[in-house]
Structures are given as structure tokens and as C-alpha cells.
Amino acid sequence: MEELGAHASMNGEIIKIEDAKIHVLTPAAKYASAVFEGLRGYWNPEQEKLFLFRLNDHIRRMFDGMKILRFETDATPQQIHDWTIDLMRANNHRETIHFRIFAFIDGFGMQGSCGPVSYCITSTVAPRKAAFVDGIRLGVSSWLRISDTVMPPRVKCVANYHNGRLAILQAEAEGFDYPLFLTAHGKVSETAGSCLFLVKNSRVITPDLGSDILESITRDTAIRIARDEMGVDVEERPVDRSEIYLADEAFITGSHQEIRPVISLDGIKIGSGKRGPFVEEIQNRYIDLVEGRTESPDGWCLPV
Ligand code: PMP
């Protein structure tokens, strides 16, 4: 297991990580009545600062999730922001980390309970993996992506992750690194924890927000880098599975996985079957942005 930060924040109180516990009878444990965010803090050794990437956008998405799930809370986005900063100071990481903000129904209520809502924030050291360069092999899952008529894929409800878990286990059993979901309409959706892009004839294509995907913050960042910095056309539209086999390059995006090349789908090589030049360039630009080396829109890189 990767190294955990020594402390957690429980409803704003800094406690030891060993004490960050919930009761077995909480609706969070019984019914997965919880939403969460996962994001990174990037250690910048030159500036000796940890940059939290798009914290406010993650907190906004968590509040969107709580609204759809009808959580009743008095906490404000500013409070969650402040508690996060307090935890970062307490844990004093000097390495790149991944951290989770978890909002859950506490107490002893039943399936329909809307409160009380508790918040727990934790952090883990999270070095970049070899797959950043080597890429990943995807396999289309026979499990379909949940649709908005079933559960809201656009937000990070914990229960949504059973869909991804089933697909991950299937992909591993079939010898792939990670699954790719199709929607109930047979169009490409996303993976179990990241969004998909393909590059074809110098254009970038990605499933639109109606393709039952999470409203991914890294997807949005990648679109802005491609469009505004690289001057490339980005199409957000329904995508066919066979378009991916014929793509020049493909990549996935997610806060934890960052940007990773996809080198094959269902055992069929994509392009050269190796990381391509577009993916390498957008990765480099992404890393410079998140590590605080290039200018970013206001509030995207929050130094602690
Ligand atoms: N899709 C799913 C299902 C996810 O869980 C995630 C985040 N892990 C993503 C996409 C990527 O979202 P983000 O860029 O906001 O991390």
C-alpha cells in the first residue's frame, strides 16, 4: 500500500489516520450513501510548495453530487476548502500526493436518510506510474456504463463504482489493463476511472457529456490545453468503438491517472502501438501546468 498521510480531517478536526473510522451501521456503509472527490497535490521542489490542482472545481462537483443525492448539509464549499488546507499543513507532504474528500451520510438512518452529513479528508503519497510512458491496454467490457436513467454518472457517487469494479475484474480476467465501457446505446463512454480521447488526422475526439461519463476535470483540462495551447480542434460527440481501432493515438485522462497513452483496444494496436507524439506533448504540457511551472487560469494551482 502507498504511504498514507499521518492525519485525516474529520468534519474539520485533525485526527490521526488510524482514528478516521465510520460506524458499520451508517447509511454510508449500509447503502453506499456517499460521494467523494479524488485529486492530486503536486510537490514543486524548486518552489518547495505543494500545488493542489483545481481544488475548487472538485469541491463544486462534490456539492453537485450531494445536491442530486439530496444530502442535507450546512457545510459550505469554503469550509471544505479550508479543512483541506488544514490537512495539507498537518500532513506536510514533500512529495506528490493523491487526496480524497469523502462526504457521507453518518448516523444510524435508513436508506432514505439525507443526513447528518460528515466529511473526511485523507491523503496518500502517489508517485507517477510506468504506464504514464508505457501506456495501457484497454478491453471493451461486456458490462455497460450506468446511464443517467439508473444512477447519475456525471457525479462521483460511491455506488457508481460497483459498475467500474465489475468491469475492472472482467478486464483483468481477460488479460487487459483496464476496461472501456460502452453506453446502453452502444457508443463509447469512459473507463472505470478516466475519460477517453482519440487523435485522428490531427483532430482530437472525445465522447460528449451525454455519453454517460463523469464530468471529469482532467478531461476539461486536456480539452483546454489541446484547443487553447496546441491550437487543435476538439470534437465532443458520440464516438463509435471502431473509431478507436482506427485512431492514430489515444489517451485517457483522470486526476489520479493523469494523462496516459492507450496503446491497444481489444488486442488491436492503436497507431504505432506506442506512446505517440501528440500524447507526449499534451502530457508534458499537463505536467508543467499541474506542477506550477506554467501559468494557469486563476485558482487552478493552489500553493500550500
Ligand atoms: N471517470 C470516472 C468514472 C472517474 O472515476 C474519474 C475520476 N477518477 C474520471 C472519469 C476522471 O475524472 P477527473 O478528471 O475529474 O478525475
Side-chain angles (χ1 to χ4, degrees), residues 2 32 34-42 52-65 68 84 96-103 122-124 126 128-129 131-132 136 138 140-141 143-148 150-171 177-183 187-197 206-226 234 236 239 250-260 262 282-283 285-287 289-290 296-297 300-301:
E2 279 157 356
V35 297
F36 74 105
E37 284 301 321
L39 58 159
R40 277 180 182 265
Y42 288 90
L52 310 187
F53 190 62
R54 299 190 68 172
L55 174 64
N56 288 333
D57 292 321
H58 281 271
I59 294 173
R60 181 212 27 88
R61 185 172 64 188
M62 191 174 80
F63 275 78
D64 286 351
I68 295 175
T84 305
T96 289
I97 59 161
H98 181 254
F99 62 101
R100 295 169 65 91
I101 310 175
F102 183 55
T122 55
S123 62
T124 315
R128 196 161 290 141
K129 298 265 167 67
F132 186 78
I136 57 166
L138 293 179
V140 169
S141 182
W143 293 101
L144 298 178
R145 182 69 181 141
I146 48 169
S147 87
D148 202 57
V150 177
M151 300 212 279
R154 73 182 63 250
V155 292
K156 282 176 82 78
C157 316
V158 169
N160 289 359
Y161 285 80
H162 289 281
N163 184 219
R165 180 174 184 276
L166 288 167
I168 286 171
L169 294 175
Q170 182 192 358
D177 296 320
Y178 216 43
L180 179 67
F181 280 119
L182 303 182
T183 68
K187 296 292 183 179
V188 174
S189 181
E190 62 180 348
T191 78
S194 45
C195 289
L196 183 85
F197 286 75
T206 191
D208 62 307
L209 293 177
S211 296
D212 295 330
I213 63 171
L214 181 73
E215 289 197 355
S216 153
I217 290 162
T218 320
R219 173 185 179 278
D220 177 69
T221 306
I223 290 172
R224 295 208 210 184
I225 295 175
V234 181
E236 297 177 69
V239 172
F251 60 96
I252 56 163
T253 60
S255 303
H256 189 262
Q257 303 183 40
E258 305 180 299
I259 295 179
R260 290 185 186 176
V262 177
I282 197 168
Q283 282 180 312
R285 289 176 183 270
Y286 184 75
I287 295 308
L289 179 70
V290 295
S296 63
W300 272 20
C301 274

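Predicted model, so just to flag it, every value in this text is computed and none were measured. We count ligands from 1, going down the list as the structure has it; atoms in each ligand are counted the same way. Reckoned from all heavy atoms, side chains included, excluding hydrogens, waters and symmetry mates.
Annotation: Trp143, atom CH2; neighbour count of heavy atoms from other residues, nucleotides and ligands within 6.0 Å does not exceed 12.
Applying the salt bridge (charged side-chain N to carboxylate O under 4.0 Å, His left out) rule to Asp220 yields the partners Arg54, Arg224; only residues at least two apart in sequence or on another chain are considered. Every residue meeting the ring-ring contact (aromatic ring centres under 6.0 Å, His included) condition with Phe197, not counting sequence neighbours, appears here in chain and number order: Phe251. With sequence neighbours excluded, the residues that form a side chain to side chain donor-acceptor pair (under 3.5 Å) with Ser123 are Asn91, His93.
Residues Leu289 and Ser296 share a closest heavy-atom pair of CD1-CB, 3.2 Å.
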For ligand 1, list all ligand N or O to protein N or O distances below 3.5 Å, rounded to 0.1 Å.
| residue | atom | partner | partner atom | Å |
| --- | --- | --- | --- | --- |
| ligand 1 | 1 (N) | Glu190 | OE1 | 2.7 |
| ligand 1 | 5 (O) | Lys156 | NZ | 3.4 |
| ligand 1 | 5 (O) | Tyr161 | OH | 2.4 |
| ligand 1 | 8 (N) | Lys156 | NZ | 3.3 |
| ligand 1 | 8 (N) | Gly193 | O | 3.2 |
| ligand 1 | 12 (O) | Ser216 | OG | 3.4 |
| ligand 1 | 14 (O) | Ser216 | OG | 2.7 |
| ligand 1 | 14 (O) | Ile217 | N | 3.3 |
| ligand 1 | 14 (O) | Thr218 | N | 2.8 |
| ligand 1 | 14 (O) | Thr218 | OG1 | 2.5 |
| ligand 1 | 15 (O) | Arg61 | NH1 | 2.8 |
| ligand 1 | 15 (O) | Arg61 | NH2 | 3.0 |
| ligand 1 | 15 (O) | Ile217 | N | 2.8 |
| ligand 1 | 16 (O) | Ser255 | N | 2.9 |
| ligand 1 | 16 (O) | Ser255 | OG | 2.6 |

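Outside the 6.0 Å centre-distance limit, the rings of Tyr286 and Phe132 are not counted as a close aromatic pair.
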